Amino acid sequence: MDIESVARHVDGLPYMTLKKAKLLKKVLTKFDCKQALELGFFHGVSSVYTAAILQDLGADRRLTTIDLQSARTRKPNIDKLASDLGLTGLIDVFYEERSYLWRLMKFIEEGRKFDFCYLDGGHNWDNTGFAFFLVDKLLVDGGVILFDDFNWTHEASGRSHELPDEERRTSAVERTWTLLVEPHPHYKPVWVKSNWALARKKRKLPLLPIRY
């Protein structure tokens, strides 16, 4: 399944565009990603793009994606899109009552590992900052994490009026990147562009034997 075919099927649905999907394909190809994790899928547009790219890259590749129970009622929902495009077998979908954070805890308990994460959910400091901490536990050395909505704010979107004004005006993704990702000793920022930010978890050097 090529991404142009996916684009024709999801035309008009939020939120990933074909242009972004092409950039995503470059990332997944360059880093030879096999086990992808997605946090937040809404209708599932980004999910089917990701699954189609993984399918094109070869066998034994899979997407695990998480969103709220409310995503079930979207028309179309992720299950419908995946079925229409013949991608159901490549996607494991988790619907959660409150957030993806509890499922991430379960994955850590199970010893799950991923080499790619697309973080597109929460959009506040609590969820985004803590999600990065949890994803780090799940990401293999050399794996990459892609943050969406780098400059997104609640104020610009007209949402979450219950938040304090400063939080509404501040991009939680940008703050997570600047305060947690960039200074992290085990992560290397790759680039920030197109309202996305990509970082790679550094590979650990093998320990050399100590000679006495």
Side-chain angles (χ1 to χ4, degrees), residues 1 3 6 9-10 13-16 20-21 24-25 27-28 31 33-57 59-140 143-149 152 159-160 172-173 176 196 198-199 201:
M1 173 66 63
I3 58 176
V6 174
H9 189 78
V10 303
L13 291 174
Y15 284 102
M16 186 173 282
K20 283 287 189 71
L24 175 63
K25 184 173 183 177
V27 172
L28 295 175
F31 296 102
C33 299
K34 295 180 174 64
Q35 296 298 321
L37 173 65
E38 179 183 44
L39 306 183
F41 57 76
F42 204 58
H43 284 282
V45 172
S46 55
S47 310
V48 291
Y49 271 128
T50 303
I53 294 166
L54 292 174
Q55 183 185 63
D56 189 51
L57 289 176
D60 300 322
R61 296 171 196 256
R62 196 162 195 84
L63 170 67
T64 299
T65 188
I66 314 170
D67 210 318
L68 298 174
Q69 287 286 351
S70 57
R72 288 184 186 272
T73 62
R74 302 205 180 278
K75 297 188 183 300
N77 64 13
I78 186 174
D79 301 303
K80 171 65 173 169
L81 290 182
S83 177
D84 288 348
L85 293 164
L87 297 169
T88 301
L90 292 168
I91 307 174
D92 293 322
V93 181
F94 290 86
Y95 294 98
E96 299 299 326
E97 294 293 338
R98 193 172 64 86
S99 83
Y100 47 70
L101 298 173
W102 190 264
R103 181 59 56 180
L104 294 182
M105 181 195 73
K106 293 291 187 181
F107 287 167
I108 293 171
E109 289 178 335
E110 295 164 8
R112 295 280 298 273
K113 290 295 178 182
F114 302 91
D115 52 19
F116 172 79
C117 176
Y118 180 52
L119 206 169
D120 182 25
H123 295 92
N124 57 43
W125 173 251
D126 314 52
N127 280 299
T128 309
F130 190 39
F132 172 61
F133 176 81
L134 296 178
V135 168
D136 175 56
K137 308 293 183 185
L138 296 164
L139 204 62
V140 300
V144 289
I145 179 169
L146 179 61
F147 294 85
D148 189 25
D149 294 322
W152 190 95
R159 302 179 191 176
S160 296
V173 178
T176 298
W196 277 0
L198 181 70
K201 190 173 184 178

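Note that the structure is predicted; figures quoted are calculated from it, not measured.
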Non-hydrogen side-chain atoms of Asp115 and Phe31 separated by less than 4.5 Å: no

Rounded distance [0.5 Å steps], NZ in Lys113 versus NZ in Lys137: 9.0 Å

Check against side chain to side chain contact (heavy atoms under 4.5 Å, CB included), Val48 and Val10: CA-CA 9 Å; Val48 291; Val10 303; 4.1 Å; yes

Donor-acceptor contact present, side-chain Thr73 to main-chain Ser70, <3.5 Å: yes

Taking every non-hydrogen atom, the tightest pair across Glu96 and Arg103: OE2-NE, 2.7 Å

Parallel, tilted or perpendicular, as decided by the 30° and 60° cut-offs, for the rings of Trp152 and His123: tilted

Distance (rounded to the nearest 0.5 Å) between Phe116 CZ and Thr64 OG1: 12.5 Å

Pairwise side-chain contact, Trp196 with Lys20, heavy-atom cut-off 4.5 Å (strictly under): yes

Side chain to side chain contact (heavy atoms under 4.5 Å, CB included) assessment of Thr50 paired with Ile91: CA-CA 9 Å; Thr50 303; Ile91 307 174; over 6 Å; no

Heavy-atom pair of closest approach, residues Gly121 and Tyr100: O-OH, 3.0 Å

SB check Lys25 Asp56 (cutoff 4.0 Å): yes

Residue of the set Ser47, Ser46, Ser83 for which side-chain contact (heavy atoms from CB on, under 4.5 Å) holds with Ile78: Ser47

Minimum-distance pair of heavy atoms, taken over all atoms of Arg98 and Leu68: O-CD2, 3.0 Å

Test side chain to side chain contact (heavy atoms under 4.5 Å, CB included) applied to Ile108 and Leu138, step by step: CA-CA 6 Å; Ile108 293 171; Leu138 296 164; 3.7 Å; yes

Spacing of Asp120 atom CG and Met16 atom CE [to the nearest 0.5 Å]: 7.5 Å

Value rounded to 0.5 Å, distance of CZ in Arg61 from CG in Leu28: 9.0 Å

Taking every non-hydrogen atom, the tightest pair across Leu54 and Cys33: CD2-O, 3.6 Å

Heavy atoms of other groups near Lys80 NZ, more than 12 under 6.0 Å: no

Close side-chain approach of Thr65 and Asp92, heavy atoms under 4.5 Å: no

Heavy-atom check, side chain of Leu119 versus side chain of Asp148, under 4.5 Å: no

Tyr95 and Asn77: CA distance, side-chain angles, deciding distance, side-chain hydrogen bond (donor to acceptor under 3.5 Å, both in side chains) verdict: CA-CA 12 Å; Tyr95 294 98; Asn77 64 13; 4.6 Å; no

Between CZ on residue Phe114 and CD on residue Glu38, distance to nearest 0.5 Å: 11.5 Å

Least distance between heavy atoms, Leu90 atom then Gln55 atom: CD1-CB, 3.5 Å

Non-hydrogen side-chain atoms of Arg74 and Phe42 separated by less than 4.5 Å: yes

Salt bridge flag under 4.0 Å for residues Asp136 and Lys201: yes

Student check: side-chain heavy atoms of Val93 and Phe41 closer than 4.5 Å: yes

Reported NZ-to-CD1 distance for the pair Lys106 and Ile66, which is rounded to 0.5 angstrom: 12.5 Å

For the student: nearest non-hydrogen atoms of Val45 and Leu81, plus distance: N-CD1, 4.1 Å

Heavy-atom check, side chain of Lys34 versus side chain of Leu57, under 4.5 Å: no

Geometric class of the Phe107/Phe94 ring pair [parallel <30°, tilted 30-60°, perpendicular >60°]: perpendicular

Phe133, CZ atom: more than 12 neighbouring heavy atoms under 6.0 Å: no

Min side-chain heavy-atom separation Asn127-Ser99 under 4.5 Å: yes

Phe147/Thr176 under side chain to side chain contact (heavy atoms under 4.5 Å, CB included): CA gap, chis, key distance, verdict: CA-CA 10 Å; Phe147 294 85; Thr176 298; 4.2 Å; yes

